Amino acid sequence: MPKAKVTFKDIDTTVNVPAGTRVIEVSEKVGSGIIYGCREGDCGTCMMEVLEGWNNLTEPSVLEEKVLKENMAGRHHRLACQCQVLGDLTVKPA
Amino acid sequence: MSAVAKDLTHSREAVELRPNLYWIGAMDPHLRSFDIILKTANGTTYNSYLVRGSEGVAVIDTVKESFQQEFFSRLEGVADYAEIRYIVLNHLEPDHSGALPELMRRAPQAQLYISVRATSMLKALLKPKQGAFDYTPVRDGDQLSLGDRTLRFLHTPFLHWPDTQCTYLVEEKALFSGDVFGCHYCDNRLFNDKVGDFRFSFDYYYAHIMRPFKKYVLAALKQIEPLPLTLVAPAHGPILRDRPRRYVARYRELSSPGFMAEMTEQERSLIIFYMSAYGSTARMAQAIYGGADEVDGVRVSLYDLEGGEVGPFVDLIEQADAIAFGSPTINGDAVKPIWDLLSSLAVINLSDKVGAAFGSYGWSGEAIRMIEDRLRGLKMRVPEGGMRVKLIPTEEELAECREFGRRIAGALVGEGESKGKVIEFEDL
Ligand code: FES
Ligand SMILES: [Fe+2]
Ligand SMILES: [Fe+2]
């Protein structure tokens, strides 16, 4: 399976993950400061900022787009509980 | 003798706070526990407020659904539904949004104002009752004019839900603070200078509802403290009209570390808790303690859970950087005092702390894994796999325990790990 490197800037830690992994599956285990609420793309709590590699995530779903908009997200903000990792990227809590 | 206060549990009149500013909430004197986790020794109130300006009426927060008749009766005493132009919800939990659907039905012209973070909750809370509501999401600093009066919104998220905000009535220097500065305390006399001694309830509410969000409390206080304030009107409990700043100051106090630790800024602290049946886990704890103590810049404390109580230990954990838990495995589980402590930690924020587990066992050692899972569930980081020893630890095993302690302490001062660390997903 192809691998990708996810770097959590806030704790300066990188994890080698199989492509398709959701950020939520990794961030809590390594102790990054991204926090979660509903865990299903509804509340917007898990917003994170993608510092590098923002094309290396799955496209936001209609639901994610909407929640991002409601939360006034910037262009490189995503919901950590929704997007899947496709290639290398660097993220931090928003 | 002073006049007896109006019996608000029976009367259905609004209470005037200022000219054209009323309390129209509900009394719930019989409630004994709130949201399962909170005790309410004399019930609670659901506070709702009505503000009349030269160009219309605003209702701020509503009440729990089962109390809506009481709320509507009070409202009807001071305004007609047709006059209501605005409804503001500071927080969408059902104890404050319960009467909203019916209020919107009776005042269909009213515009609903909620915080931007509340929009998704609105659907979730109200979907069974009614179709979509039209609403206006507001941001920090947005204002709403009632003609001669102005409502200003303060974005104060996570107190205690993502959606929470406060609303400030500029001309009256009055803050409608939602659950912030509230407490579960039901007293007919309604005002802080008249009710019984509610200090315990005030602190208790903070300890159970706000404490996990201290960081956000401090951020909110930064916005609230500079405001001129002559009235703080929370969503539960007494209305703070007499020296309201004292309650703001109390929040500052409760959110700041109390008794200062004997540590410098750079020092990190590690606390080791253990329970031991035959002394083996205790010996492991001693060895871990010894190893950790060799690391410069880390203050290590060792506690036998048998000799202490949960409450003060929770306070210690809140201030610590790392916590190690030692338990023997008995009947395939960690021992009860460990679980008692671990199940009491929901009131504090643990998300940037390091956790570790250790213990001795007879023929299986499940306790370690279980403790580690719980620590992860509490959002702690568990960088070191737990330390298990079968029955009585040998000299070599004690040496390993020392090494284990050294590594945990080392991780706190940035030795080895953390800086630019790379981990395999499978190892998590
Ligand atoms: S946790 Fe609620 S949207 Fe991701
Ligand atoms: Fe609440
Ligand atoms: Fe509440």
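A, B, ... follow the sequence lines: proteins, then strands. Residue 1 opens every chain. In what follows, every heavy atom counts, from backbone to side chain, and hydrogens, waters and symmetry copies are set aside. None of these values were measured; they are calculated from a predicted model.
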- Message: Any side-chain to backbone donor/acceptor pair from A/T14 onto A/V6? Under 3.5 Å, distance only.
- Response: no

- Using 30° and 60° as the class limits, which term best fits the ring planes of B/W161 and B/H91: parallel, tilted or perpendicular? perpendicular

- Note on the structure: Closest non-hydrogen atoms of B/H208 and B/P212, given as atom of the first, atom of the second and distance, are O-CD, 4.4 Å

- Task: Decide whether B/S115 and B/D163 meet the rule of one side-chain donor and one side-chain acceptor closer than 3.5 Å.
- Result: no

- Item | Proximal component of B/P137, with respect to chain A [non-hydrogen, under 4.5 Å] | neither

- Query: Can you name the nearest heavy-atom pair linking B/T156 to B/Q223, along with the distance?
  - Reply: CG2-NE2, 3.9 Å

- Give the ring-plane orientation class for B/F153 versus B/Y113, where under 30° counts as parallel, over 60° as perpendicular and anything between as tilted. parallel

- Leading residue by heavy atom contact count with chain B [cutoff under 4.5 Å; candidates A/V30, A/V26, A/T21]: A/V30

- Item | Residues of residues 77-94 of chain A within contact distance of chain B, non-hydrogen under 4.5 Å | none

- Task: Heavy atoms only: give me the nearest B/L218-B/S255 pair and the separation to one decimal.
- Result: CD2-CB, 3.7 Å

- Do the charged groups of B/R388 and B/E372 touch, with an N to O distance under 4.0 Å? no

- Taking it one step at a time, do B/L112 and B/L122 satisfy side-chain contact (heavy atoms from CB on, under 4.5 Å)? CA-CA 11 Å; B/L112 177 62; B/L122 184 70; 4.1 Å; yes

- Residue by residue, scan residues 50-70 of chain A and write down, ordered by number, those that have a heavy-atom distance under 4.5 Å to chain B; if none do, write 'none'. A/K66, A/E70

- Query: What pair of heavy atoms forms the shortest contact from A/P18 to A/K3, and how long is it?
  - Reply: N-CD, 4.2 Å

